[in-house]
2 protein chains.
Amino acid sequence: MSVFSGRPAYLQIADDLRSQILEGALQADDKLPSEPALMDDYGVSRIVVRQALDVLRAEGLIVKQQGRGSFVRALVPPTKRVLGHLYNERPEGSPFAAVTSAGGQRPEWDYQSRKTAASKVIADRLGIAPGDPVMRTSYRFLADDEPVMLSTSFEPLAITGGTSIEQPESGTVTGVVPRFDQIGLHITHVKEDVNGRAARPYEAETLQVPQGVPVLVIERTYYVEDQPVETADIVVSSARYVLSYRLEIPPRT
Amino acid sequence: MSVFSGRPAYLQIADDLRSQILEGALQADDKLPSEPALMDDYGVSRIVVRQALDVLRAEGLIVKQQGRGSFVRALVPPTKRVLGHLYNERPEGSPFAAVTSAGGQRPEWDYQSRKTAASKVIADRLGIAPGDPVMRTSYRFLADDEPVMLSTSFEPLAITGGTSIEQPESGTVTGVVPRFDQIGLHITHVKEDVNGRAARPYEAETLQVPQGVPVLVIERTYYVEDQPVETADIVVSSARYVLSYRLEIPPRT
DNA sequence: ATAAATTTGTTCGTATGTATA
DNA sequence: CTATACATACGAACAAATTTA
């Protein structure tokens, strides 16, 4: 196997290895040839081999482990989770706990809350003024002791300040919808904006995933009749999480 | 500014530049210092500077353009689109056309259809046997002449073969729901699995985005009462597309 | 339990090609 | 046309993690 000119060598090598993975010649958890072996195979320098492997890593097709090698990543995420439509079925309780329990795993989370001033972005999402006081809570969600999701939520203190739910995790009731029900505000709908990017170092460390793996970022905002009452940034590894939902099509008229 | 030992230099530089972007010192579309300038600033070699920039590119924070420089990417995607809940509001017509028109842009698409045999993955999703005949159609969707979305769809010929909708784009009716209505099959719901990863070379080229940018991949399957009738892989640049939807919370009982 | 070998991670220097200003 | 800036690619060395002997 050798490279022809015209297309960068590292892309040709990435193409070749990608085909082998996609066509099944290299299967999940298989070890790829070592970098020196690939240098020999393709007759290129180490930097070219590493660039090719970096391409495949960014595509989520392989993982590299120092001292061990590069391995084909399972194409189907091992723990497939469902977000979204669960709200309709079980509005009570925390969606995370419900989904995790349903998958036969033990849900846990820890968190840190503190009062702070709303940034411009957060103020926009909550319909308040920049600098207004908000309660900021950072969550780390674990399934069977493995961190799978990060979340940072913001609630305007103009709404929750002085109430029994000012501290998000101090009561016995979990889940945003039941919590707001406690102060007489029933959440009517949720909006979510989903985007994808590579994990930032802090996220990679906290989620215990290799650097640069793709993550899904969900901007979620809870509303009571067009009034935002809570907004959160949620980060999940796309290797362990699939955002899955079901949409009903109305009957033909 | 210099680097201390203990943490890789390229990560320290990425951290520093990331802070400047996130804190607003470097704003959207601002040009970052050139690679030689960064080499001077931090006292490192070119390879380290490039690794740092590659980290930020994978995170979607910057774009690099050969011959021009590296630029801060707009944090809020410029054309925010909505998928999903539109099905409930306007089941008629193509969702893409509806969304694009609603955003004041002109929708267009081209495509290629061919009969082929179902791969194992596609057969699984369609509930048929591997090797069964399917109609495969690759779409390229454009908004105002700019490619924004790729889609590859598969329909079992056991269902559509010999009917008026065997060729997905030969009739006058667009959109999967209305098309299947034409042969008396009313689609009852849609399932979507969303994941994120870096664009593959073919996708980057077709979508006219720089290599390695994060994309969202949506696996969408249409059902008629638990019978899959169409499945598609949809790829969108997360720079230009946000998957957005709204979930209703039922009233308190 | 240790040492050696293997494998990826980080970093330097250097050179040439290609796109843009 | 020239200078600038990023893209690709060679060679080399040492560090860190893991596996093997």
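Throughout, a chain's letter reflects where its sequence line sits, starting with A, and its residues are numbered from 1. These figures come from a predicted structure and were not determined experimentally.
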Legend entry - Pairing residues for Gln66(A) by the side chain to side chain contact (heavy atoms under 4.5 Å, CB included) criterion, not counting sequence neighbours: none

Legend entry - All side chain to side chain contact (heavy atoms under 4.5 Å, CB included) counterparts of Glu108(B), not counting sequence neighbours: Arg106(B), Leu142(B), Asp145(B)

Run the salt-bridge test on [X] and [Y] with the 4.0 Å N-O cut-off and return the result as yes or no.
X: Asp30(A); Y: Arg73(A); answer: no
X: Arg46(A); Y: Glu35(A); answer: yes
X: Asp15(A); Y: Arg7(A); answer: yes

Mind calculating the distance between [atom1] ([X]) and [atom2] ([N]) to the nearest angstrom?
X: Asp41(B); N: dA5(D); atom1: CG; atom2: P; value: 13 Å
X: Glu35(B); N: dA19(C); atom1: CD; atom2: P; value: 16 Å
X: Met39(B); N: dT11(C); atom1: CE; atom2: P; value: 14 Å
X: Asp40(A); N: dC10(D); atom1: CG; atom2: C1'; value: 15 Å
X: Tyr10(A); N: dC10(D); atom1: OH; atom2: P; value: 13 Å
X: Leu11(B); N: dT10(C); atom1: CG; atom2: P; value: 7 Å

Distances for protein N/O vs nucleotides 18-21 of chain D N/O pairs under 3.5 angstrom?
from, atom 1, to, atom 2, distance (Å)
dT19(D), OP1, Arg68(A), NH1, 3.3

Inset, instruction - Pull out every residue in residues 46-53 of chain A that has a heavy atom closer than 4.0 Å to any atom of DNA chain D, ordered by number, or say none. - result: Arg46(A), Ile47(A), Val48(A)

Inset, instruction - Using the closest heavy atom to pick a nucleotide of DNA chain C for each, name whichever of Asp54(A) or Ser45(B) lands nearer the 5' end. - result: Asp54(A)

Inset, instruction - Go through the structure and list residues passing salt bridge (charged side-chain N to carboxylate O under 4.0 Å, His left out) with Arg200(A), not counting sequence neighbours. - result: none

Inset, instruction - Under the side-chain hydrogen bond (donor to acceptor under 3.5 Å, both in side chains) rule, what do Asp16(B) and Tyr42(B) come out as? Steps first, then yes or no, please. - result: CA-CA 10 Å; Asp16(B) 188 43; Tyr42(B) 294 99; 2.5 Å; yes

Inset, instruction - May I ask you to evaluate whether Lys64(A) reaches the phosphate of dG9(C), defined as a side-chain N or O under 4.0 Å from OP1 or OP2? - result: yes

Inset, instruction - Assess whether side-chain contact (heavy atoms from CB on, under 4.5 Å) is satisfied between Ile21(A) and Ile62(A), documenting all intermediate values. - result: CA-CA 9 Å; Ile21(A) 294 170; Ile62(A) 67 167; 3.8 Å; yes

Inset, instruction - Could I get the full list of side chain to side chain donor-acceptor pair (under 3.5 Å) partners for Glu155(B), not counting sequence neighbours? - result: Arg179(B)

